[in-house]
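Chain letters run A, B, ... following the sequence lines, proteins first, then strands; residues in each count from 1. Quick caveat, the model's predicted, so the values are computed rather than measured.
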Amino acid sequence: MSSSDSPSSSSAEENPNTKEIEDQLATVVLTESNEDKFQECSSDTASASNNHGENNHDEGVEKSSSKVVWGRVNSELELEGPPSPSSSGYAGGRGTSSASSTSIVDEVSEDEIQEVGNGSAIEGATDSHESWMPGKRHVDEDDASISWRKRKKHFFALSNAGKPIYSRYGDEHKLAGFSATLQAIISFVENGGDCIKLVRAGKHQVVFLVKGPIYLVCISCTEEPYESLKGQLELIYGQMILILTKSINRCFEKNPKFDMTPLLGGTDVVFSSLIHSFSWNPATFLHAYTCLPLAYATRQAAGAILQDVADSGVLFAILMCKHKVVSLVGAQKASLHPDDMLLLSNFLMSSESFRTSESFSPICLPRYNPVAFLYAYVHYFDVDTYLVLLTTSSDAFYHLKECRIRIETVLLKSSVLSEVQRSILEGGMRVEDLPIDPVPHSGSLSPHLGHHKPPTDSPERIKESFGGIGGPAGLWHFMYRSIFLDQYVSSEFSPPINSPRQQKRLYRAYHKIYASMHDQGIGPHKTQFRRDENYVLLCWATQDFELYATFDPLADKALAIKICNRRWVL
Amino acid sequence: MGCSSSLPGRSSGRLGGLNSSESGGVPDAKNLRVKLVLLGDSGVGKSCIVLRFVRGQFDPTSKVTVGASFLSQTIALQDSTTVKFEIWDTAGQERYAALAPLYYRGAAVAVIVYDITNPDSFNKAQYWVKELQKHGSADIVMALVGNKADLHEKREVPAQDGLEYAEKQGMFFIETSAKTADNINQLFEEIGKRLPRPSSSSS
């Protein structure tokens, strides 16, 4: 790849589809009435020419696999081999009856249930997004259960006294011994003035995150990068703070043996739904939110009435459909972090009671203010569409109820709600609908991925070479994140990425390449082209956006780059 | 978690918040509007009682209430008064206990619910009674409700215990089943009868 790019393909003929699709995309991006207008990123000529670095990785980069990675070097400590604690050895640690079948489990690329020797086909079905059931499963298990040890991905929260707070699988109270062991590992390292981050033990990674008196641990053999797993622990901690605020720390100051589990009573569904979203919701690692595609006028109508309400003393007014934002308005200078949005919508969607009737509940936004509750008025307009009005005032219920009635009247009158329903049914963008050969934007100042020879391919050749599967040039999927807007757009899954299993695998691949793009050691990278037996992944990061595109593994590199240079989203 | 909890003047008081949408005229002795709060341990069936009363529905799948849900229902009494209940169905989870005053402050009626199959929930009910006697409105009407009365084969709290405790505290007592709808309407009708009637000359 060299930097001899020239926008030479700008002479292509007009495609009638192009304009329409660009309009749709523009409205996806142009959402927030409290944000400045989205700016076409056409002012970075200087950086554009530097954006075609030679950071190609045609193969997966194998990370060094040191057994133990400490926060900083501590010569006192020498761990050899798997650090399996003898009292509660995690799978593969002790020579128990489970040892012989461990390898079977490790080869399966799912992190869900694997019963010993059988049942994986049946259980695999429970993994699909459609049939996924919220709530904790396998409460009957504990660390002595073979099935428990074979789970591919565990999440734990415990107190710095070793008391269990949360476990993805199994009853927390039965895991007291196991929690105490984790606590011992963490405090052993802490006593040396150090901080444990990661332990590798064979195929397992044990990731630690210390948040004051609360410890979070992930034990996983899913081969996700450390940064992804740590990010997931951060979100689990954030979800706890959303429910309880950081003033939970005071309970531990008063009583180190404080048992936090009763305070999280009834929230299993919230955490299981968050953990599930790690494998389907790009917001969990892109740290951006996504919008429901709507016509400009429709979103304007929704934004106007929300703005009206925000002016009357509401801190944030958010209209959402599932996990997608319809419109979001904040009071002056108040901004909502995308992670807060993710945690809030996860909390609201997983707690069934909000659907039953209007509610008024204390909620903490960890990135906004981790020590104080806000009050959330929540009302579902239909099964998917809900309004959240956040306020600092605990006595605002009747005011917010009135606001909701006003909003509802406007939304019905301007048929926003029916448009929202229509949009959610239609779904988002599909790669196969992308124009084969759209007209690039006329501006020659836009960033451009370079390639030595701009191929002179006819649309027909692009289409024919991939037998109609996916989009142009074998494009299977993409995600585009606008850094300025904290928003992303991703295409719907289409063939050949059909099954939830394939989707999850793709997201895992995105996790990896996202971590690699943002790696502080060897990166951050501007571009990456990575081919393996499953996909071609092409990533492109500028100061304005990040693009992650997945192609057929046999896709032509030049064509793939050419496609990415077409500005579907911009 | 320290939560300041003050309900505003305008949403407190016998006649409820000033402004639910359909508030038409001035409430009078024949058309009462009252704020009612349900309290009790988690899982005793508070939401089920409310949904049975308001919507005539029963959903056996347990849905944990978050914070508090707000519903309203109007009933007509035999003496031709109507009572509009503005119901705060609070979450029974421990983390919301500190926030309960937010919801019961200014309530004219408190319905304290326990599960007849669960003695712990009966203890928790007594805790709520004491809390309301200390911090609730002075003339609050309180009802003690033993729910899940259909599960009589699993009963662990004798009806007599509930009745005796309620009498001692000057409360009204009833056993209900949200599942079979047994005594649900009776509960709210009885509350309606016991409400003090504003004298027609008062403001």
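- Interatomic distance, CE of Met349(A) versus CG of Asp384(A), reported as 9.5 Å (0.5 Å rounding).
- For an aromatic pair to be called close, the ring centres must be under 6.0 Å apart, and Tyr377(A) with Phe397(A) satisfies this.
- For the set Glu358(A), Glu352(A), Arg355(A), the entry with the most heavy-atom pairs within less than 4.5 Å of chain B is Glu358(A).
- Outside the 6.0 Å centre-distance limit, the rings of Phe155(A) and Phe271(A) are not counted as a close aromatic pair.
- Applying the 6.0 Å contact sphere to NZ of Lys246(A) captures no more than 12 heavy atoms from other residues, nucleotides or ligands.
- With a threshold of 4.5 angstrom between heavy atoms, Ser393(A) does not approach chain B through any atom at all.
- If you measure heavy-atom distances from Leu264(A) to chain B, the contacts under 4.5 Å come from the backbone alone.
- In terms of heavy-atom pairs under 4.5 Å with chain A, the best-connected choice from Val64(B), Asp59(B), Leu51(B), Thr61(B) is Val64(B).
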